[in-house]
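To keep things clear, I will list the structure first and then write my remarks on it.
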2 protein chains.
Amino acid sequence: MTRLIEELRKLPGIGTKSAQRLAFHVLRSSPDDAEQLASAIRTLKASLRLCSICNNITDVDPCSYCTSPARDQHLVCVVEEPTNIATIEKTRSYAGVYHVLHGTLSPIGGVGPEQLRIANLLTRLPEIDELILATSPTTEGEATARYLVEEVHRVEPRVRVTRIATGVPAGSDIEYADEVTMTRALEGRREL
Amino acid sequence: MTRLIEELRKLPGIGTKSAQRLAFHVLRSSPDDAEQLASAIRTLKASLRLCSICNNITDVDPCSYCTSPARDQHLVCVVEEPTNIATIEKTRSYAGVYHVLHGTLSPIGGVGPEQLRIANLLTRLPEIDELILATSPTTEGEATARYLVEEVHRVEPRVRVTRIATGVPAGSDIEYADEVTMTRALEGRREL
């Protein structure tokens with residue numbers, strides 16, 4: 001029982017109290033239910049892996065994006081985390097493929113280029129026409145984007161490297177835009 | 001006393017209770033203080049007007065922006081309200097002048113082009129090289145921008161008309177971007 005509570009406590013958002021409550025629930029549940037939970041955890045770890053092309057979480061390798069004939073395999077959107085793919089898919093306006101870095105550069109956090117999945121991005125470059133850098137417009141995301149554009153142009157200058165727009169969010173009043181966002185919105189203005 | 005309470009109640013954010021409290025404060029204050037408040041209100045209305053060039057609120061006509069030799073008088077930023085000028089000034093990255101519409105097009109609210117200060121924008125066009133449309137990326141702000149670009153190009157096709165960028169705000173994770181904002185951030189991507 002103590003071991004299960006200890007294991008549950010390692011999960012994000014689960015403290016000692018919650019871990020105890022969950023452990024007692026397992027204790028009270030039928031042996032079948034407990035076995036199904038245990039096997040679901042085991043199967044997940046056994047079946048899920050990272051796509052060898054784009055590093056997305058997948059149960060088939062290469063993942064469904066990287067093998068889809070409906071998608072433009074020469075247009076690649078670089079994101080920080082696998083969850084960011086969902087954010088971009090929700091727009092229903094992107095028909096390219098992805099590359100997941102699994103993090104951002106962070107000198108303070110001790111994350112250098114070798115800790116990110118950049119090596120297998122560089123090997124993809126001969127197949128790529130445009131690389132969209134969709135890391136967040138945070139300090140780390142911007143630093144990562146700046147590093148990537150240099151690396152990509154050093155290895156394959158032919159590749160067009162673009163950056164998603166920073167600006168006032170849709171539906172929002174410019175009154176609420178901070179200085180940096182407003183500066184970027186002005187700099188990034190487009191001809192109509 | 002009742003008349004003062006009634007007048008105070010017309011101010012935004014002042015209800016009956018607040019109006020009574022303010023009126024009693026005036027009643028208790030010295031005749032000098034009361035006279036100074038009354039004269040400040042009178043002077044404000046007498047001295048403030050709209051700039052005849054850009055419609056900004058000003059005490060001298062034309063306003064200090066429209067007569068500044070340090071500002072590019074051929075670059076004009078179109079905003080909805082006088083308060084938006086402060087938002088753009090805070091960026092310290094804009095050195096052009098302004099044009100205040102005093103509202104946005106709103107068919108539901110009964111605001112058509114003739115209710116906005118568009119006529120004296122069109123007469124400014126011969127002096128303008130670039131017009132930045134900085135209305136908010138809301139439904140009304142976008143409709144106003146679309147209307148303006150057509151009108152401006154009809155009257156003076158030479159003028160470059162640009163729109164501020166819609167996108168993910170600076171410092172924000174793309175995880176929190178809604179679909180419309182993310183779509184616009186992708187569409188508005190710029191080459192690095």
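Residue numbering restarts at 1 for every chain, and letters A, B, ... go by the order of the sequence lines.
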> Can Met1(B) be reached from Leu22(B) by stepping across I, L, V, M, F, W or Y side chains whose heavy atoms are under 4.5 Å apart?
Replying inline: no
> Is atom CZ of Arg158(B) surrounded by more than 12 heavy atoms (other residues, nucleotides or ligands) closer than 6.0 Å?
Replying inline: yes
> Do you know which of Arg92(B), Glu175(B), Met182(B) has the most heavy-atom pairs under 4.5 Å to chain A?
Replying inline: Glu175(B)
> Relative to chain B, which of Ala134(A), Cys77(A), Ala165(A) shows the most heavy atom pairs under 4.5 Å?
Replying inline: Ala165(A)
> Where is the tightest heavy-atom contact between Thr166(A) and Ala170(B), given as atom of each residue plus distance?
Replying inline: CG2-N, 3.7 Å
> Are Ile57(B) and Tyr65(B) connected in the hydrophobic side-chain network, where two residues link if heavy atoms are under 4.5 Å apart?
Replying inline: no
> What closest approach, in Å, do Pro169(B) and Pro137(A) show between heavy atoms, and which atom pair accounts for it?
Replying inline: O-CG, 3.4 Å
> Among Ala145(A), Gly141(A), Ser93(A), Gly171(A), which residue forms the greatest number of heavy-atom pairs with chain B at distances under 4.5 Å?
Replying inline: Gly171(A)
>> With a 6.0 Å cut-off (strictly less than), is the heavy-atom count around NE2 of His153(B), excluding the residue itself, greater than 12?
In response: yes
> Can a salt bridge be assigned to the pair Glu130(B) and Arg189(A) using a cut-off of 4.0 Å between side-chain N and carboxylate O?
Replying inline: yes
>> With a 4.5 angstrom heavy-atom cut-off, is it the side chain or the backbone of Tyr94(B) that approaches chain A, or both, or neither?
In response: side chain
> Does Tyr147(B) belong to the same Ile/Leu/Val/Met/Phe/Trp/Tyr cluster as Val155(B), with side-chain heavy atoms less than 4.5 Å apart forming each link?
Replying inline: yes
>> Please rank Ile88(A), Ile164(A), Leu186(A) by heavy-atom pairs under 4.5 Å with chain B and give me the top one.
In response: Ile164(A)
> Would Leu125(A) end up clustered with Ile53(A) when hydrophobic side chains under 4.5 Å apart are linked, directly or stepwise?
Replying inline: no
> Is there a chain of hydrophobic side chains (I, L, V, M, F, W, Y, each step under 4.5 Å between heavy atoms) that links Val180(A) to Val168(B)?
Replying inline: no
> Going through the checks in order, is the side chain to side chain contact (heavy atoms under 4.5 Å, CB included) test met by Leu148(B) and Leu192(A)?
Replying inline: CA-CA 10 Å; Leu148(B) 284 176; Leu192(A) 294 176; over 6 Å; no
>> So, taking the atom named OG1 in Thr91(B) and the one named CD in Glu179(A), what distance separates them when rounded to the nearest 0.5 Å?
In response: 8.0 Å
>> Heavy-atom cut-off 4.5 Å, strictly under: side chain, backbone, both or neither for Val161(A) against chain B?
In response: both
> Do you know which of Arg146(B), Glu187(B), Arg184(B) has the most heavy-atom pairs with chain A at a distance under 4.5 angstrom?
Replying inline: Glu187(B)
>> For chain A, which candidate among Thr87(B), Ile174(B), Thr183(B) shows the most heavy-atom pairs at distances under 4.5 Å?
In response: Ile174(B)
> Counting heavy-atom pairs under 4.5 Å to chain A, which of Thr83(B), Asp178(B), Val79(B) comes out on top?
Replying inline: Thr83(B)
> Which bit of Ser172(A) is near chain B, if near means a heavy-atom gap under 4.5 Å: side chain, backbone, both or neither?
Replying inline: backbone
>> Tell me whether the count of non-hydrogen atoms from other residues, nucleotides or ligands lying under 6.0 Å of CG in Leu27(A) goes above 12.
In response: yes
